[in-house]
Structures are given as structure tokens and as C-alpha cells.
Amino acid sequence: MSSVQQTITRLRELRLTSMAEAYSSQLQQPKLHQLSFDDRFGLLVEHEASERESKKLKRLVQSAGFPETASLEDADYRPSRGIDKSMVASLASCEWVRQQLNLIILGATGVGKTWLACAFGAQVCRLRLPVAFYRASDLYGDIAVAAHDGSLPKLKADLIKPSLLIIDDFGLGTITPQAAQVLLDVVDRRMRSSSLLITSQYPTDQWHGFFPDPTVADAILDRVVHQSHRISLKGESMRKLQAKQRMRKE
């Protein structure tokens, strides 16, 4: 085995796979041989670091569980949607997450609440911060199952740990007394260290009625609503618009 091949093998054994690939690529590019050792080595290190960052981002996005692939750069700002572009641009910095504030996205069915929530979640992932996405009704079901099989402490930890917890379609599904208590515990822990993003078809002044216990409702909503930025989406269902566009193309 040549010394070059030994070096490549050793890099892979050290789990510097991307650096090994970049080194192999350099050997096939004679022009790069004109660079100094420091410059060539710097390129290898930069390639390894870039690949690791890319893989970490991919892992964060996958573990978040987003139902849609979305990016704020692709947001639809047509006037009928009522989105304040400057506000979205400001929120895109994710400073609100660093400050442990929350974001509420309101609007009728189909106007793009979930998509926008996923876009903000992906933006947080770009900062190398963990995100978790739950549909509200699925979350209540997970809480019931976890309480039954003894895994509730783990579920609570999973809900508390991410820098951003997204609860989608709040107001759909039944909040049991047990689920309400879990939500209170989670919200109380998160308000001191992390952020929530909640989407809902219903205005916040109706949220109180979703809870079986008004005292618990007061405690949760006081911690969430009054420390939140708010985006209200308007206009026709994006699904209907997309269906019309497909029909025109056909």
C-alpha cells in the first residue's frame, strides 16, 4: 500500500471521511499541487468542517419531524395573505428564540400556517439549535400512551429539551386533564430556557375554552400568549390556489 493510500485509510479510520475524500480529489487536480502545504491543508480542513456542519443540520431537520420541507426564502408574500414581510425578516434572525420568547401563527385552514411554522423551525435548525414538531392532537395521544406505559418522564424531557417546540393546529383534539397538566409542566420549564411556536385556526381569546380546568388554562396561557410575537395569515386556502394552478397547467 502506498503512503498516499495509507494516509487516506488512516483519515477514514479517524472518521475524517470528508477530509479523506477531499484529499483524494486534490490528488486528481494537478493545479492544486502548486499551492503551499498550508493552503492545501486548509482546504482539507475547511471541507471536513463544512461537511460536518451540513450533516449536523440534516440530522437536526430530520429529528425535528417537520411534515413539510419549507424555507423562509420561499415564503409567499402576495398582498392577500396579509404577511408583514419586514416582520418575517426580523423574526428570521431567530433572536426571539435566543430571548426565550414565543411565536403564534393564526389563520384559517389551508392558509399556510404549518408551512410557515416548518420554515421558522428550519431556520432555527440552521443556527444548530434543536427543534421538535408535534401536531396538537398527536401530542395529546402521545401523552396518554406515555402515561399508560410509564414513559411519561421521557416524553416530558423530549418536550422540554429542544430550543424550539412547535405545536401545530392547537385547538384540534381534546385536552384531557392529564394532558393539560403535562402541558403546564412543559410550558413552565420551557419559559425559562426556550421557545414555543404555536399555530391555530382559533384566535387566542378562544384558547381558554380548550382546557378542562380554567386554573390550568390561566397558568399556561399567561406564560405563552403574553410573551409572544404574532402572525395572522389571511386569504384563500393555499391548497385551493395550488389546485387551481395545477388545473390551469393541465
Side-chain angles (χ1 to χ4, degrees), residues 58-72 91 94 96-97 100-107 109-127 129-202 204 206-207 210-212 216-217 219-221 223-225 227-231 233:
K58 185 176 181 180
R59 287 196 300 270
L60 284 170
V61 170
Q62 289 178 337
S63 65
F66 301 126
E68 300 186 44
T69 300
S71 171
L72 290 177
L91 293 172
C94 298
W96 56 280
V97 177
Q100 293 87 52
L101 298 176
N102 307 313
L103 176 59
I104 295 172
I105 302 177
L106 303 173
T109 300
V111 294
K113 300 185 300 297
T114 299
W115 187 95
L116 192 57
C118 290
F120 275 114
Q123 192 74 1
V124 173
C125 287
R126 289 180 181 179
L127 298 178
L129 298 174
V131 179
F133 181 102
Y134 286 86
R135 293 196 186 279
S137 55
D138 292 341
L139 176 57
Y140 308 150
D142 290 347
I143 290 172
V145 171
H148 180 72
D149 66 16
S151 62
L152 192 55
K154 181 181 182 305
L155 177 59
K156 282 186 179 182
D158 291 341
L159 294 170
I160 293 167
K161 183 178 179 180
S163 297
L164 177 65
L165 173 63
I166 300 175
I167 300 179
D168 188 42
D169 262 335
F170 184 70
L172 299 185
T174 301
I175 304 178
T176 63
Q178 182 179 59
Q181 186 59 54
V182 170
L183 287 177
L184 176 58
D185 293 344
V186 169
V187 167
D188 185 57
R189 289 284 300 278
R190 290 187 59 83
M191 70 175 293
R192 295 187 288 271
S193 62
S194 45
S195 299
L196 280 167
L197 191 163
I198 300 177
T199 77
S200 182
Q201 300 178 32
Y202 303 93
T204 56
Q206 294 183 22
W207 290 9
F210 300 151
F211 294 89
V216 174
I220 292 175
L221 298 181
R223 288 164 170 76
V224 175
V225 176
Q227 301 184 62
S228 298
H229 296 283
R230 193 174 304 191
I231 295 175
L233 299 180

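Residues: numbered from 1 along the sequence shown.
A distance of 11.0 Å separates OG1 in Thr174 from CZ in Phe210, rounded to the nearest 0.5 Å. Leu183 CG to Leu221 CG: the interatomic distance, rounded to the nearest 0.5 Å, is 10.0 Å.
Counting heavy atoms from C-beta outward, Phe66 and Val131 have side chains that approach closer than 4.5 Å. Under the 4.5 Å side-chain criterion, counting only non-hydrogen atoms from C-beta, Arg135 is in contact with Thr114. Side-chain contact check for Leu101 versus Leu103: every heavy-atom pair is 4.5 Å or farther apart.
With sequence neighbours excluded, no residue forms a side chain to side chain donor-acceptor pair (under 3.5 Å) with Asn102. In this view, Arg190 satisfies the salt bridge (charged side-chain N to carboxylate O under 4.0 Å, His left out) rule with no residue, not counting sequence neighbours. By the side chain to side chain donor-acceptor pair (under 3.5 Å) test, Gln201 pairs with Thr109, sequence neighbours left out. Not counting sequence neighbours, the partners of Thr204 by the side chain to side chain donor-acceptor pair (under 3.5 Å) test are Arg230. Residues satisfying the side chain to side chain contact (heavy atoms under 4.5 Å, CB included) criterion with Ala179, sequence neighbours excluded, are Tyr140, Ile143, Ile175, Thr176. For Pro177, the side chain to side chain contact (heavy atoms under 4.5 Å, CB included) test picks out Pro212, with sequence neighbours left out. In this view, Arg126 and Glu73 satisfy the salt bridge (charged side-chain N to carboxylate O under 4.0 Å, His left out) rule, not counting sequence neighbours. Partners of Val187 by side chain to side chain contact (heavy atoms under 4.5 Å, CB included), not counting sequence neighbours, listed by chain and number: Leu196, Ile220, Arg223, Val224. In this structure Ser195 satisfies the side chain to side chain donor-acceptor pair (under 3.5 Å) test with no other residue, sequence neighbours excluded. For Leu127, the side chain to side chain contact (heavy atoms under 4.5 Å, CB included) partners are Cys94, Arg98, Leu129, not counting sequence neighbours.
A donor-acceptor pair is defined here as one N or O able to donate and one able to accept, closer than 3.5 Å; no such pair exists between the side chain of Trp115 and the backbone of Ala70. With hydrogens and angles disregarded, no donor-acceptor distance shorter than 3.5 Å links the side chain of Lys113 to the backbone of Ile105. Not one N or O on the side chain of Ser71 forms a donor-acceptor pair closer than 3.5 Å with the backbone of Ala119.
Closest non-hydrogen pair, Leu233 versus Gly112, comes out as CD1-C, 3.7 Å. Nearest heavy-atom pair, Pro153 versus Gly150, reported as atom, atom and distance to 0.1 Å: CD-O, 3.7 Å. Across every non-hydrogen atom of Ile166 and Gly121, the tightest pair is CD1-CA, 4.1 Å.
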Could you walk me through whether Leu116 and Leu72 pass the side chain to side chain contact (heavy atoms under 4.5 Å, CB included) test, one step at a time? CA-CA 7 Å; Leu116 192 57; Leu72 290 177; 3.9 Å; yes
As a quick check of understanding, evaluate side chain to side chain contact (heavy atoms under 4.5 Å, CB included) for Leu91 and Ile231, giving each step before the final call. CA-CA 10 Å; Leu91 293 172; Ile231 295 175; 3.8 Å; yes
Please table the atom pairs, donor to acceptor, closer than 3.5 Å between any side-chain atom in residues 154-165 and protein atoms at least two apart or in another chain.
residue: Lys154; atom: NZ; partner: Asp158; partner atom: OD2; Å: 2.9
residue: Lys156; atom: NZ; partner: Asp185; partner atom: OD2; Å: 2.9

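Note: Phe170 and Phe211 have tilted aromatic rings, judged against thresholds of 30 and 60 degrees for the angle between ring planes.
Among residues at least two apart or in separate chains, there is no salt bridge (charged side-chain N to carboxylate O under 4.0 Å, His left out) pair with a member in residues 137-148.
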